[in-house]
Amino acid sequence: MNAATTYSPPYHRRHHQHHHFQLPPPQSQPSIVSIPTQKSILDLLNSKPATFSLQSLAQIHALALKTGHFHDHFVSGTLLKCYANPRFHNLDSAIQLFRNVPSPNVFVHNVLIKACLDNGEPLQAVWLYYELMMNDAKPNKFTYPTLLKACGDGGIVAEGKQVHCHVVKLGFAGDGHVKNAMIDGYFRCGDVGSAEEVFDEMEMPDRDEISWSVVIDGYIKSGFYKEALEVFNTMQSERIRPGKFVLTSVLAACAHLGALDHGRWVHAYVRRKKKSIVMDAVLGTALLDMYAKCGRLDMAWEVFESMKEKEVFSWNAMIKGLAMHGRADDAVELFFEMQRRKFRPNGITFIGVLNACAHSGAVEQALKLFNSMENVYNIEPEVEHYGCLVDCLGRSGRLEEAEELVNSMPIEPNPAVYGSLLGACRIHGNAELGERIGRLLLELEPNNSGRYALLSNIYAKAERWDDVAEVRKLMKERGVKTNPGSSMIELGGCVHEFKMGEGCHPKMKEIYSTLKVMIERLEMEGYVPNTSQVLFNIEEEEKETALQYHSEKLAIAFGFISTKPGETIRVVKNLRVCDDCHSAIKLISRVYGREIALRDRVRYHHFRDGTCSCKDFW
DNA sequence: CTAGGGTTAG
């Protein structure tokens with residue numbers, strides 16, 4: 001606490017500082033007026049609910065009891081709402097208050113249901129709904145949006161469907177708020193079909209901007225990014241004007257897809273409508289994040305600098321953007337800059353900087369930052385932070401220290417932590433540790449195909465083909481589905497997706513022949529396919545074929561036939577890039593004089609003139 | 001006096 005800036009009230013005020021609600025002194029008014037009315041209590045509660053202390057609330061509570069106004073449901077409900085403010089973390093006292101309300105009506109029930117939801121107790125909210133029905137307090141149209149949201153948050157589909165039935169039976173199915181909440185709830189429960197059904201049956205004017213927003217966001221949360229953009233297009237063709245909520249969601253979809261042109265369109269739209277669409281911290285952050293994830297760190301920075309309103313998450317997004325592009329020093333510099341601007345780093349900030357260090361081999365820096373978390377910032381490292389550190393140590397070849405950290409960390413390591421260690425074993429060819437960790441992971445996550453692939457690669461690198469075959473067999477026995485590699489490229493306002501060996505693209509013939517010519521040209525330049533990372537011990541020729549058609553190569557070949565010379569080719573891949581593709585693309589960038597920006601599952605690779613921005617460390 | 005939508009990290 002800084003004494004110089006602390007305001008000390010005069011002595012007599014200290015004792016009365018909770019009495020903000022005091023009425024004018026009696027001498028200035030007839031004494032009868034000093035008995036608070038119902039309205040004056042409500043005014044007190046509604047004046048500055050965000051700044052109350054619990055004590056002042058308790059005093060108003062006492063006042064309400066003393067004057068008898070507590071019996072009024074408006075008063076007790078509003079009081080309840082104040083107690084339930086999530087910043088108090090004090091849902092229990094709200095519930096206790098509810099128990100003391102004589103025959104609570106719908107309003108009081110509704111407030112408590114919302115209170116449970118806001119305090120992270122969706123199941124309790126649903127339970128209270130049953131209680132409401134038992135109490136004979138008929139639900140009204142205000143009850144259902146909150147309740148449906150609770151079902152969605154709690155992921156309870158069956159109860160949600162029952163609530164849906166109640167909505168219909170009690171005649172609230174025509175309400176726009178209720179329907180939007182229903183769509184949102186179905187999406188949250190993963191029932192995309194039912195969500196679509198409710199939306200499709202809606203008609204104007206119920207189907208408003210919020211309905212579209214819920215659907216677009218629902219698709220994004222379900223991983224259907226292309227569909228989200230399609231819905232956005234339909235929305236515009238129906239002349240519904242998107243506001244900042246929809247635009248923020250759309251930008252998130254663009255970020256995932258690497259759809260730079262779509263994202264730029266949104267940026268231009270926001271600028272054009274700057275009178276009606278205010279660029280707040282959330283929208284600005286979504287915009288800069290889109291640019292960073294679409295490979296335009298320069299534009300991300302420009303947006304970040306121009307943002308008038310920044311929040312911690314804006315700084316986090318920018319730090320993460322720098323990290324993703326391998327700019328560790330700048331990320332760390334920004335981490336200190338945000339503090340000079342009086343922003344407090346949080347746990348996510350540290351994930352960003354630690355990640356940046358991991359991708360540039362800055363082990364000492366990472367250790368220093370990690371140690372400062374508790375010592376300087378009073379942030380308890382979570383399992384993700386340990387994961388970043390394990391990753392950082394492991395990538396740099398300090399495997400013993402990484403393993404030591406995993407064994408000594410004070411919280412239970414999760415599969416991701418072991419995964420980092422396993423990845424490091426692959427990079428550094430440590431089959432002994434890799435085998436132990438790999439076997440452990442195959443038991444912890446028997447359905448994660450990536451783990452089998454890594455372990456198999458480790459065995460392959462050590463030429464232990466029997467073990468490779470055994471892993472393959474195990475995978476087959478357990479019926480594990482492989483996660484196919486897929487690469488996306490946006491061209492002509494359309495996102496194209498390629499999967500290995502898939503031939504359904506209309507220009508597939510041309511793409512394959514272009515790729516064949518390209519690889520022949522590379523081979524003349526001395527390129528030899530590097531097959532060490534191919535999953536299984538298949539015949540050498542077969543391996544080469546498989547490599548040739550890795551999805552990023554297909555996407556790049558398509559980029560070549562669809563762009564002008566000199567244009568950067570931008571590709572987004574769902575998995576990590578393999579050694580072979582990485583060296584092939586380096587060569588392509590030199591031989592064809594093209595810049596290629598490839599985002600893999602964790603970072604960007606900017607290929608230019610035969611080199612990669614990751615300096616071959618990834 | 002009560003009800004529906006957006007951001008960063010894994």
Side-chain angles (χ1 to χ4, degrees), chain A residues 38-39 41-43 45-46 72-82 105-115 117 139-150 152 172 175-185 187 206 208-218 220-221 242-253 255 280-290 292-293 304 307 309-321 323-324 345-355 382-388 391 414-417 419-420 601-602:
Chain A
Q38 179 233 39
K39 187 180 177 301
I41 293 179
L42 283 174
D43 285 349
L45 287 168
N46 290 318
D72 188 310
H73 286 145
F74 291 163
V75 173
S76 50
T78 310
L79 201 52
L80 176 53
K81 190 177 72 179
C82 292
N105 69 355
V106 209
F107 169 60
V108 185
H109 278 92
N110 287 350
V111 171
L112 187 60
I113 289 173
K114 177 90 160 62
L117 186 66
N140 60 13
K141 62 176 180 178
F142 295 99
T143 314
Y144 288 102
T146 319
L147 189 63
L148 286 159
K149 193 159 192 276
F172 298 116
D175 187 272
H177 283 265
V178 173
K179 276 192 274 197
N180 287 338
M182 212 133 69
I183 297 171
D184 189 57
F187 269 121
D206 271 353
D208 59 10
E209 199 237 0
I210 294 179
S211 317
W212 291 91
S213 165
V214 169
V215 172
I216 290 172
D217 201 54
I220 293 174
K221 297 273 151 67
K244 64 180 177 182
F245 287 90
V246 169
L247 295 169
T248 302
S249 295
V250 168
L251 284 168
D280 61 14
V282 177
L283 183 55
T285 302
L287 190 58
L288 89 81
D289 183 57
M290 180 280 296
K293 290 200 173 125
F304 179 71
M307 281 169 66
E309 252 183 75
K310 291 192 186 78
E311 296 283 346
V312 184
F313 52 75
S314 319
W315 293 84
N316 289 354
M318 194 65 232
I319 288 171
K320 180 65 192 167
M324 199 196 308
N346 60 19
I348 297 171
T349 320
F350 278 95
I351 289 175
V353 276
L354 290 173
N355 234 313
E382 290 168 58
V383 70
E384 288 81 7
H385 300 104
Y386 284 95
C388 290
D391 193 35
N414 64 6
V417 173
S420 298
R601 209 167 55 78
V602 297

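In what follows, chains carry the letters A, B, and so on, assigned in the order in which the sequence lines appear, proteins first and then strands, with residues in each chain numbered from 1.
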Establish, with yes or no, whether the OP1 or OP2 oxygen of [N] is under 4.0 angstrom from a side-chain nitrogen or oxygen of [X].
X: K293(A); N: dA9(B); result: yes
X: K320(A); N: dG10(B); result: yes
X: N355(A); N: dG10(B); result: yes
X: K149(A); N: dG5(B); result: yes

Ignoring the backbone of [X], work out which of [options] is nearest its side chain.
X: I348(A); options: dT7(B), dA9(B), dT2(B); answer: dA9(B)
X: K244(A); options: dA9(B), dG6(B), dT2(B); answer: dG6(B)
X: D289(A); options: dG5(B), dG10(B), dA9(B); answer: dA9(B)
X: K221(A); options: dT7(B), dA3(B), dG5(B); answer: dT7(B)

Taking any heavy-atom pair under 4.0 Å as a contact, classify [X]: base, sugar-phosphate, or nothing.
X: I351(A); result: sugar-phosphate
X: I210(A); result: base
X: L283(A); result: base
X: S249(A); result: sugar-phosphate

Could you give the [atom1]-to-[atom2] distance, from [X] to [N], as a whole number of Å?
X: I216(A); N: dT7(B); atom1: CD1; atom2: P; answer: 12 Å
X: N110(A); N: dA3(B); atom1: CG; atom2: C1'; answer: 8 Å
X: E309(A); N: dT7(B); atom1: CD; atom2: C1'; answer: 13 Å
X: K310(A); N: dT8(B); atom1: NZ; atom2: P; answer: 18 Å
X: M290(A); N: dT8(B); atom1: CE; atom2: C1'; answer: 15 Å
X: E384(A); N: dA9(B); atom1: CD; atom2: P; answer: 13 Å
X: K141(A); N: dT2(B); atom1: NZ; atom2: P; answer: 13 Å
X: D206(A); N: dG5(B); atom1: CG; atom2: C1'; answer: 16 Å

(Q) Suppose we call a contact any N or O donor and acceptor under 3.5 Å apart; does that hold for the side chain of D280(A) and the base of dG6(B)? (A)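 Pair found.
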Q: Give a yes or no on whether a donor-acceptor pair under 3.5 Å exists between the nucleobase atoms of dG5(B), that is its base, and the side chain of E209(A).
A: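 Per atom types, the contact qualifies.
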Side-chain heavy atoms of [X] within contact of [Y], under 4.5 Å:
X: M324(A); Y: K293(A); result: yes
X: V353(A); Y: F350(A); result: yes
X: V108(A); Y: S76(A); result: yes

Q.
Between D217(A) and I220(A) (side chain of the first, backbone of the second, donor and acceptor by atom type, cut-off under 3.5 Å), is there such a pair?
A.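 No.
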(Q) Would F142(A) count as stacking on dT2(B) if stacking means ring centres less than 5.5 angstrom apart and planes tilted under 30 degrees? (A)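 Taking the rule of under 5.5 Å and under 30°, the ring of F142(A) does stack on dT2(B).
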Q. F245(A) stacking on dG5(B): centroids under 5.5 Å, ring planes under 30°?
A.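 Yes, aromatic ring over the base.
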Q: Please test L354(A) against D391(A) for side-chain contact (heavy atoms from CB on, under 4.5 Å), starting from the C-alpha separation and ending with a verdict.
A: CA-CA 9 Å; L354(A) 290 173; D391(A) 193 35; over 6 Å; no
**Q.** Test log, rule side-chain contact (heavy atoms from CB on, under 4.5 Å), inputs T143(A) and I113(A)
**A.** CA-CA 8 Å; T143(A) 314; I113(A) 289 173; 4.2 Å; yes
